[in-house]
Amino acid sequence: MGVAQGPADDEHWMRHALALAKRAAEEGEVPVGAVLVLDNTLVGEGWNQPVARHDPSAHAEILALRAAGTRLGNYRLPGSRLYVTLEPCVMCAGAIIHARVERVIFGAPDPKAGACGSVFDLLPADERFNHATQCRGPVLAHPCGELLRDFFRNKRTRKARSRD
């Protein structure tokens with residue numbers, strides 16, 4: 001089990017994930033950031049990069065899991081907590097389950113593809129899996145959601161201007 005932590009720690013790590021989400025936005029990617037913490041120590045981080053990497057699996061969560069697995073020398077990450085600015089999708093939920101992440105803390109809910117209860121209940125409700133990951137969210141939903149809304153609003157504005 002990881003070190004006990006509370007809402008203040010959750011906000012601290014979510015702010016770190018938000019900084020990574022801003023980096024994604026600066027790179028023209030959908031602004032989602034993720035950090036993986038074990039024993040209250042950062043062991044992996046990532047931000048959305050599917051466009052730059054030409055890789056549909058290059059979501060922030062996947063990149064954070066890959067970084068942590070490489071650093072720790074194991075793809076299984078029991079006792080870890082994953083902080084992500086947007087509720088994970090089904091693909092990421094599957095990777096989270098296989099990695100044995102103990103807890104996911106997400107920022108903004110995703111009403112179109114969320115797998116922590118918004119659309120699907122893969123984390124933790126589906127008892128058919130051999131591992132159950134706890135979920136908490138939303139945490140800092142307003143800044144996480146606002147970053148996404150601003151990104152897409154600006155994208156629509158640029159697209160409309162390019163047609164003029």
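One-based numbering along the sequence shown.
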> Can you list the other members of the hydrophobic cluster that holds Met91, where links are side-chain heavy atoms under 4.5 angstrom apart?
Replying inline: Ile62
Can I get a per-line list of side-chain donor-acceptor pairs under 3.5 Å for residues 151-158, giving both atom names and the distance, sequence neighbours left out?
{"residue": "Arg153", "atom": "NH1", "partner": "Asp150", "partner atom": "OD1", "Å": "2.6"}
{"residue": "Asn154", "atom": "ND2", "partner": "Asp150", "partner atom": "O", "Å": "3.2"}
{"residue": "Thr157", "atom": "OG1", "partner": "Arg153", "partner atom": "O", "Å": "3.0"}

Ignoring hydrogens and angles, tell me if any N or O in the side chain of [X] forms a donor-acceptor pair with the backbone of [Y] under 3.5 Å.
X: Glu45; Y: Ala64; answer: no
X: Glu87; Y: Ser118; answer: yes
X: Glu29; Y: Ala52; answer: yes

On a heavy-atom basis, which atom in [X] and which in [Y] lie closest, and how many Å separate them?
X: Leu147; Y: Ala21; result: CD2-CB, 3.5 Å
X: Leu38; Y: Ser80; result: CD1-N, 3.8 Å
X: Ala24; Y: Asn48; result: CB-O, 3.9 Å
X: Phe106; Y: Pro88; result: CB-CD, 4.2 Å

I'd like a table of donor-acceptor pairs (distance under 3.5 Å, sequence neighbours excluded) in which one partner is a side-chain atom from residues 65-79, with atom names and distances.
{"residue": "Arg66", "atom": "NH2", "partner": "Ser57", "partner atom": "OG", "Å": "3.3"}
{"residue": "Thr70", "atom": "OG1", "partner": "Arg66", "partner atom": "O", "Å": "3.0"}
{"residue": "Arg71", "atom": "NH1", "partner": "Leu42", "partner atom": "O", "Å": "2.6"}
{"residue": "Asn74", "atom": "OD1", "partner": "Arg76", "partner atom": "N", "Å": "2.9"}

> What pairs with Arg23 under salt bridge (charged side-chain N to carboxylate O under 4.0 Å, His left out), at least two apart in sequence or on another chain?
Replying inline: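 If we apply the salt bridge (charged side-chain N to carboxylate O under 4.0 Å, His left out) test to Arg23, skipping adjacent residues, the hits are Glu27.
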> Can you name the residues that form a side-chain hydrogen bond (donor to acceptor under 3.5 Å, both in side chains) with Glu146, not counting sequence neighbours?
Replying inline: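 Glu146 satisfies side-chain hydrogen bond (donor to acceptor under 3.5 Å, both in side chains) with Arg149 only.
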> His12: what forms a side-chain hydrogen bond (donor to acceptor under 3.5 Å, both in side chains) with it, not counting sequence neighbours?
Replying inline: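 side-chain hydrogen bond (donor to acceptor under 3.5 Å, both in side chains) list for His12, sorted by chain: empty.
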